[in-house]
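Below: the structure, in structure tokens.
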Protein chains: 2
Amino acid sequence: MSNQLKLDSFICFAVYTASHAFNRVYKPLLDELGLTYPQYLAMVSLWEEDGQTVGGLGEKLFLESSTLTPLLKRLETAGYIRRERSRQDERVVVLRLTEEGKRLKERAETVPGCIIDASGRGADQLARLQAEIVALREALNKSTS
Amino acid sequence: MSNQLKLDSFICFAVYTASHAFNRVYKPLLDELGLTYPQYLAMVSLWEEDGQTVGGLGEKLFLESSTLTPLLKRLETAGYIRRERSRQDERVVVLRLTEEGKRLKERAETVPGCIIDASGRGADQLARLQAEIVALREALNKSTS
DNA sequence: CGATAATTAATCGTGTGCGATATAAATCTC
DNA sequence: GAGATTTATATCGCACACGATTAATTATCG
């Protein structure tokens with residue numbers, strides 16, 4: 001018997017579909033800001049810490065340069081960031097928010113609340129679940145490293 | 001203060017990165033089967049129930065026909081499934097496992113165990129977490145419907 | 001100091017994902 | 001039963017996501 005091979009019992013499938021479900025909730029909110037979800041994550045990270053490098057941002061978002069470079073070029077075209085080579089180390093590209101990019105933060109302040117509402121859960125329960133999922137992610141990342 | 005806008009506190013970000021982490025664990029296992037992760041999900045669903053329609057599979061996997069059609073064509077090219085129009089309703093495309101597609105199931109039996117190992121958690125804890133994530137997904141899906 | 005190695009982004013090819021639209025078949029309506 | 005509507009899948013354009021490779025720069029080591 002292969003009672004292992006049941007889709008609905010796969011935690012990976014739950015995570016995979018939950019990720020898509022989040023995307024669908026975010027979509028209309030981020031459309032107003034002119035951002036996709038991964039672009040929004042990059043902006044959130046830069047609002048936390050301006051002047052990050054491509055590699056540094058990639059470590060935080062768990063994304064490769066092959067994903068980030070085109071995404072960041074789109075954010076630059078949109079006028080939200082600038083990409084400039086570091087003078088100390090010409091290999092490194094530093095990401096800096098433009099004034100418009102900084103202003104966008106104000107308009108984005110309402111987004112997290114909408115997501116929490118859509119989840120239909122209290123902040124404490126969400127925080128607990130979030131911590132469990134992060135712990136799971138760390139275990140998975142450790143197993144592949 | 002915008003303590004809301006902190007990446008590491010976002011449950012969506014935890015889910016998003018956990019989904020990628022699962023993918024990285026699956027990659028080497030599925031490479032041996034010649035499947036991508038979404039292709040694997042489609043095959044698992046067809047191993048559970050052969051003869052599903054494109055629409056039916058899309059409902060189970062929460063995917064649109066615009067995603068599934070090319071994916072299913074690749075599975076057909078790989079020789080794992082056949083896509084045939086229903087004779088009762090010519091709009092419907094029925095998906096049937098080939099003999100090779102059925103045989104693949106045996107080779108896939110070991111995959112779930114590897115994932116559970118990589119998660120570093122007991123089956124009961126995983127099942128509980130899985131149920132919570134599914135409940136979260138349902139709440140999110142309800143909010144957008 | 002100069003060859004070699006390591007590091008950082010960028011590029012390329014493949015495969016998702018989805019919204020908008022198209023196409024074709026079935027169903028509904030008058 | 002002809003025309004309008006609905007349904008099921010396919011197509012197209014755009015944006016990820018990643019592995020493999022490349023190019024440019026910096027670090028290292030003999």
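Just so it is clear, the model here is predicted, and its values are computed rather than measured. Letters A, B, ... mirror the listed sequences (proteins, then strands); counts begin at 1.
Contacts between residues 18-37 of chain B and DNA chain C, defined by a heavy-atom separation under 4.0 Å, are made by B:T36.
If you walk DNA chain C from 5' to 3' and mark each nucleotide with an atom closer than 4.0 Å to a heavy atom of chain B, the marks span C:dG15 to C:dA26.
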Name every donor-acceptor pair, under 3.5 Å, that has one atom in a side chain of residues 54-65 of chain B and the other anywhere in the protein, sequence neighbours excluded.
unit_1 : atom_1 : unit_2 : atom_2 : d
B:K60  : NZ     : B:E49  : OE1    : 2.9

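Side-chain contact of B:T144 with A:R24: a donor-acceptor pair under 3.5 Å is absent, judged by distance alone.
Ring to ring, B:Y37 and A:Y16 are close: their centroids are under 6.0 angstrom apart.
Between B:E99 and B:K102 there is a salt bridge, with a side-chain nitrogen of the basic residue lying less than 4.0 Å from a carboxylate oxygen of the acidic one. Between A:E132 and B:R121 there is no salt bridge, since no side-chain nitrogen of the basic residue lies less than 4.0 Å from a carboxylate oxygen of the acidic one. Ion pair B:D124/B:R128 not flagged as a salt bridge, since none of the NZ, NE, NH1 or NH2 atoms sits closer than 4.0 Å to an Asp/Glu carboxylate oxygen.
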**Complete:** Reading nucleotides 2-13 of chain D from 5' to 3' and marking B where a protein heavy atom lies under 4.0 Å of the base, S where only the sugar-phosphate is that close, and - otherwise, the string is -----BSSBBB-

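For B:E90, the side chain to side chain contact (heavy atoms under 4.5 Å, CB included) partners at least two apart in sequence or on another chain are B:R85. By the side chain to side chain contact (heavy atoms under 4.5 Å, CB included) test, A:E32 is found to be paired with no residue, residues two or more places apart in sequence or in another chain being considered.
Between A:Y40 and A:Y26, the ring-plane angle classifies as tilted under the 30° and 60° cut-offs.
Not a single donor-acceptor pair under 3.5 Å links the side chain of B:Q130 to the backbone N or O of A:F13.
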